There are 2 protein chains.
Amino acid sequence: MTSNDQPGEAAYKVLARELRQAILRRRFADGVRLPTEAELAAEHGVSRQTVRRAFQDLVADGLVHRVPGRGTFAAPREGQYLRQFGSIEDLMGLSLDTSLEVLRPLRRLVNVEAASRLRLDSDTVYTVVFRRLHEGNPFCHTAVHLHPAAGSALADVRTLATPGATSDATIIGLLDDRLPAPIAEAEQSITAAAADAPLAEALGCPPAAPLLRVDRTYLTTDGQPVELAVTHFLPEQYSYRIKLKRGLG
Amino acid sequence: MTSNDQPGEAAYKVLARELRQAILRRRFADGVRLPTEAELAAEHGVSRQTVRRAFQDLVADGLVHRVPGRGTFAAPREGQYLRQFGSIEDLMGLSLDTSLEVLRPLRRLVNVEAASRLRLDSDTVYTVVFRRLHEGNPFCHTAVHLHPAAGSALADVRTLATPGATSDATIIGLLDDRLPAPIAEAEQSITAAAADAPLAEALGCPPAAPLLRVDRTYLTTDGQPVELAVTHFLPEQYSYRIKLKRGLG
DNA sequence: CGTTATTTGTGCGTATGTATT
DNA sequence: AAATACATACGCACAAATAAC
């Protein structure tokens, strides 16, 4: 800091907010270059590093995109919308106050669809079916299909092999300790579905009741899919909350 | 750069990747402090600034959390999961190939629940109901409730005032150009619901069919809620896809 | 086709502020 | 009060990509 600063708020944050507003108000038309780092530094009486720090936030928010040698550009208006932000605890704060109850133990069996979604050559996967309870009440039902390597890695987990057994484990947590490469990302798809007979029984809801269906494919750092989880949630006891932040096209 | 650098890959990126792997593999137990910036700088033969740059990425990914004066900590294992990432075009790529058809025109009316969710003092909001079509087929039904200021700002929009009128507009797009402060973020909640009679008719599905229900509250940069949208999607023609990245607890 | 100017990317050193222990 | 550790800010140097000449 120079000398006469009142660091109540960081200079780069002030600049970032100012630029954010200007971009959201479309002061910079699509494809038009924003002022250069040097220009902004001069205008605002800060160093180029401070300008860069502000742009880092805007890039992280997806509001601008930068090209060396060319400049900085506002995210294209085309399809510009709101970007996912924040955490996913609401959905996955599962192992906290919940317990897992095995309905069908982990077993190796043929499942062409699951195998294909895991991008396997063979047709066999390892499958375990369970439900989760919160204070004794079931609120979701999950079928997990595993890559054979992942499935055999879990073969020795007692609680997954025993029908009716309960624990507070998560599959991803178990895999983490047993796979050579850690799980790094997932692809998720959310939709709605009617409860079929087994689902209705497991969840204690009327048949054909509307459920929230979440399909998730987990990938290791190598990009190898290792787990496919299909979960049905009771909507009364559950909703998926997200915060969205503006930016990106 | 000093002199003997081979800038094939930035030093801070190498360090960031190394730390990322170590954290995902839980080399640092919950609540344990990571090495300080100075220690990492010395270990890796880089400057403290470079270490900071690496940590910036990890913070952005939600993998670590830092406290001035105390240190840097891996995201708590408890509930550690996958973090939202990527864009939301799949959900909101609406105005592209779709058209909006007004079912009930924009009008001012009393709605206690909507007013309270918009944090209004009064009980009256502006409401418009429409559905969206893709290639002539309806795929979602939306009721939009607006803050009075926002509602009156849209009072002159012909296509919202006319039942049966179609357009390719989005409410947020219309508001953007008419509100003093731009819309910056939204809070969203996703659940499942059964189709009631009006929904079934508007969407052409059987009554009690399962639908994906998305409630969204839009906020301006001031944090003022201006729009509440309740949308029901046909699951057959629609699913909400997200990519998740590891990190955060 | 190379040269040059512009613009962003990376890296280091230093100084000072602030929060925690 | 002192030591520790992260946060902010400035300055400088050079690299790399781009565009214009």
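Letters A, B, ... are given to chains in the order of the sequence lines, protein chains preceding strands, and every chain is numbered from 1. If you're wondering where the values come from, they're calculated on a predicted model, not measured in any experiment.
- B:A11 comes within 4.0 angstrom of the backbone, heavy atoms only, and of no base.
- The phosphate of C:dT6 (OP1 or OP2) has no side-chain N or O of A:R70 nearer than 4.0 angstrom.
- In this structure, the separation between NE2 on A:H145 and OG1 on A:T217 is 10.5 Å, given to the nearest 0.5 Å.
- Counting non-hydrogen atoms of neighbouring residues, nucleotides and ligands closer than 6.0 angstrom, the CD atom of B:E113 reaches no more than 12 such neighbours.
- Under 4.0 Å is where a charged nitrogen must lie from a carboxylate oxygen, and between A:R52 and A:E37 at least one such pair does.
- Pair check for D:dA1 finds none; no Watson-Crick or G-U wobble contact set falls under 3.5 Å.
- Within a 6.0 Å sphere centred on CZ of A:R178, heavy atoms belonging to other residues, nucleotides or ligands number more than 12.
- Going from atom CG of A:L58 over to atom C1' of C:dT8 covers 15 Å, rounded to whole Å.
- For A:Y12, no side-chain nitrogen or oxygen approaches OP1 or OP2 of D:dA9 to under 4.0 Å.
- Between A:R66 atom CZ and C:dT8 atom C1' the separation is 6 Å, expressed in whole Å.
- The distance from atom CZ of B:R33 to atom C1' of D:dC6 is 11 Å, rounded to the nearest whole Å.
- Of the side-chain N and O atoms in B:T72, one or more sit less than 4.0 angstrom from OP1 or OP2 of D:dC6.
- A:Q21 contributes no side-chain N or O that, together with a main-chain N or O of A:E18, makes up a donor-acceptor pair within less than 3.5 Å.
- OP1 or OP2 of C:dT10 has at least one side-chain nitrogen or oxygen of B:K13 nearer than 4.0 Å.
- Residues of residues 40-57 of chain B that place a heavy atom closer than 4.0 Å to DNA chain D, in numerical order, are B:R48, B:Q49, B:R52.
- The existence of a salt bridge linking A:R132 and A:E101 is excluded, since no basic side-chain nitrogen approaches an acidic carboxylate oxygen closer than 4.0 Å.
- Comparing B:E37 and A:V67 by the nucleotide of DNA chain D whose heavy atom lies nearest to each, the residue mapping closer to the 5' end is B:E37.
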